[in-house]
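Everything below concerns the one structure shown next.
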Amino acid sequence: MTRREPSAVPPNDGKASTPMRKATISISALVAAATLVLTGCGSDAGTGNTTSAAANSPAAGATTASETATGETSTGAESSASSAGSETSASSAGSESSGAGVTGKVGVILPDTTSSTRYTLYDAPLLTAAFKDAGVEADVQNAGGSTAKYTTIAQSMIGAGVKVLIMDSIDPTSGAAVEAMAKKAGIQVIDYDRVNLGGSADYYVSFDNELVGKLQGQTLVTCLADAKITDPQIIEMDGGTDVDNNAVLFKSGAQSVLKPLQDQGKLKIVSDSVVKGWNVNEAAPTFTQALTANGNKVDGVLAANDDIANAVIGVLKAKGLAGKVQVTGQDSGVVGLQNILNGNQCMTVFKNVKLEAEAASKLAIALIKGEDPAAAGIKVASFDDPKGKRTMKAVLLTPQVITIKNVQDVVTAGALTAAQICKGIEAKCTAAGVK
Ligand code: BGC
């Protein structure tokens with residue numbers, strides 16, 4: 001078993017960071033977990049989760065789960081509530097008693113609709129479908145970036161008698177408070193995608209988020225080399241490291257690749273900015289400031305997700321630099337994939353949310369039935385929460401790199417159709433073999 005201590009990179013947000021601690025995940029358990037979920041969803045989805053980049057990366061066999069405490073308060077998440085239709089509410093019409101022999105309802109709360117297209121594009125429909133397919137009633141809602149709304153939704157779900165609450169929190173403090181309410185009501189909680197450090201959920205379903213960052217860093221280096229850029233200057237655009245442990249892990253994974261190269265004089269990280277609270281409205285001004293401070297010189301941008309990347313690309317376009325600068329991303333949304341096909345973004349990370357939704361739904365159903373997840377065939381591994389000084393049971397899936405060479409993998413996995421990706425850029429799709 002390989003264990004690795006992540007590089008201790010404090011969030012560049014002026015706040016004190018809690019030292020990172022190592023949490024060890026059983027590799028065989030993780031592989032088995034991924035296999036289990038893959039088995040459950042057919043060969044197409046399996047193709048999407050086991051291919052080249054992740055498997056070829058040096059990190060692929062060294063899955064570790066490491067986490068840090070993040071900041072205590074939510075800022076940008078709250079303010080983003082106003083900027084979009086803040087609710088994607090969906091309920092499967094399943095009956096209380098179902099084909100799965102399950103009596104009991106599940107509540108799912110997603111954080112916002114603006115920090116990533118994933119929540120409306122992938123999570124809400126896929127979680128709804130997973131429960132519907134299992135014949136289990138589910139109420140899937142989105143808090144629209146408001147912690148107050150998140151709490152209200154949770155209260156109403158608890159009042160409606162949900163048996164399990166699946167939570168993708170806005171920040172760990174408000175998340176942990178909701179978890180405490182649920183616990184008091186005897187409701188089991190699954191942390192979904194984002195962990196609430198210091199909370200009380202027993203279960204956690206996500207991707208290997210340190211690996212996500214590592215893949216971003218590694219692919220950025222490859223893209224720079226392919227573009228024959230020597231002595232590259234890099235601007236880092238982190239996501240909400242102040243509110244989301246995933247963002248801390250993305251950064252830590254990327255730094256584990258970039259920092260040693262900087263130390264060897266092979267590249268220069270000229271600045272490191274944080275889009276606080278994952279508030280994507282702040283991404284363009286934050287990037288403009290960093291770019292201006294470096295005299296408009298940049299070769300690569302480590303953008304934490306596709307939505308931040310898209311804001312960065314907007315600024316680069318205005319300066320006539322788009323296409324010349326290597327930009328990373330994450331989430332494999334339509335906009336990110338189109339930016340890749342148009343030559344403005346060099347990679348994204350595909351996290352097959354279908355697998356994540358299915359793992360969460362299977363786990364929820366086992367919990368409703370009172371089954372031990374292991375007995376129900378769900379392989380969980382240990383995940384340490386240093387803030388809460390406790391160990392959670394986790395299922396962590398494997399992310400995959402997407403570049404212009406394998407956009408088709410996203411279609412093959414069934415996440416998006418070629419028509420969705422190619423609308424308006426059909427010729428680019430044909431050239432890249434997307435069909
Ligand atoms: C998720 C990413 C997402 C980001 C912003 C993270 O916790 O893992 O997929 O892009 O939040 O919503």
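Numbering of ligands and ligand atoms starts at 1, following listing order.
Defined by atom type and a distance below 3.5 Å, a donor-acceptor pair is present between the side-chain atoms of Q345 and D306. With 3.5 Å as the limit, one finds no donor-acceptor pair spanning the side chains of S116 and N305.
For the atom pair CG of L165 and CG of D139, the computed distance is 10.0 Å after rounding to the nearest 0.5 Å. Considering CG of D168 and OH of Y150, their distance stands at 6.5 Å, rounded to 0.5 Å.
Some N or O of S115 is nearer than 3.5 Å to an N or O of ligand 1, by distance alone. An N or O contact shorter than 3.5 Å is missing between N209 and ligand 1 by distance.
Contact annotation: for Y192 versus ligand 1, there are no heavy atoms closer than 4.0 Å. No part of D112 comes within 4.0 Å of ligand 1, judged by heavy-atom distances. The part of Y119 lying near ligand 1 is the side chain, judged by heavy-atom distances below 4.0 Å.
For ligand 1, the atoms closer than 4.0 angstrom to any heavy atom of S116 are 10 (O), 12 (O). Counting atoms of ligand 1 from 1 in the listed order, those under 4.0 Å from a heavy atom of R194 are 4 (C), 5 (C), 6 (C), 7 (O), 11 (O), 12 (O). Within ligand 1, the atoms closer than 4.0 Å to a non-hydrogen atom of F250 are 8 (O), numbered from 1 in the order shown. Taking every non-hydrogen atom of N246 and a distance limit under 4.0 Å, the qualifying atoms of ligand 1 come out as 6 (C), 7 (O), 8 (O).
Looking at atom 8 (O) of ligand 1, its nearest protein heavy atom turns out to be D193 OD2, 2.6 Å. Among protein heavy atoms, atom 6 (C) of ligand 1 sits closest to D244 OD2, 3.3 Å. Nearest non-hydrogen protein atom to atom 3 (C) of ligand 1 is D331 OD2, 3.5 Å. With respect to atom 2 (C) of ligand 1, the closest heavy atom belonging to the protein is K351 NZ, 3.5 Å.
Residue pairs satisfying the salt bridge (Lys or Arg N to Asp or Glu O under 4.0 Å) criterion with at least one member in residues 215-224, sequence neighbours excluded, are absent.
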Begin from the C-alpha positions of Y192 and D123 and carry the test side chain to side chain donor-acceptor pair (under 3.5 Å) through to its verdict.
CA-CA 10 Å; Y192 175 80; D123 297 277; 2.7 Å; yes

Assess whether salt bridge (charged side-chain N to carboxylate O under 4.0 Å, His left out) is satisfied between R194 and D244, documenting all intermediate values.
CA-CA 7 Å; R194 297 177 180 173; D244 177 9; 3.1 Å; yes

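A donor-acceptor pair under 3.5 Å links the side-chain atoms of S256 to the main chain of G253, judged by distance alone.
Partner of V298 under the side chain to side chain contact (heavy atoms under 4.5 Å, CB included) criterion, out of V315, L316, V312: L316 alone.
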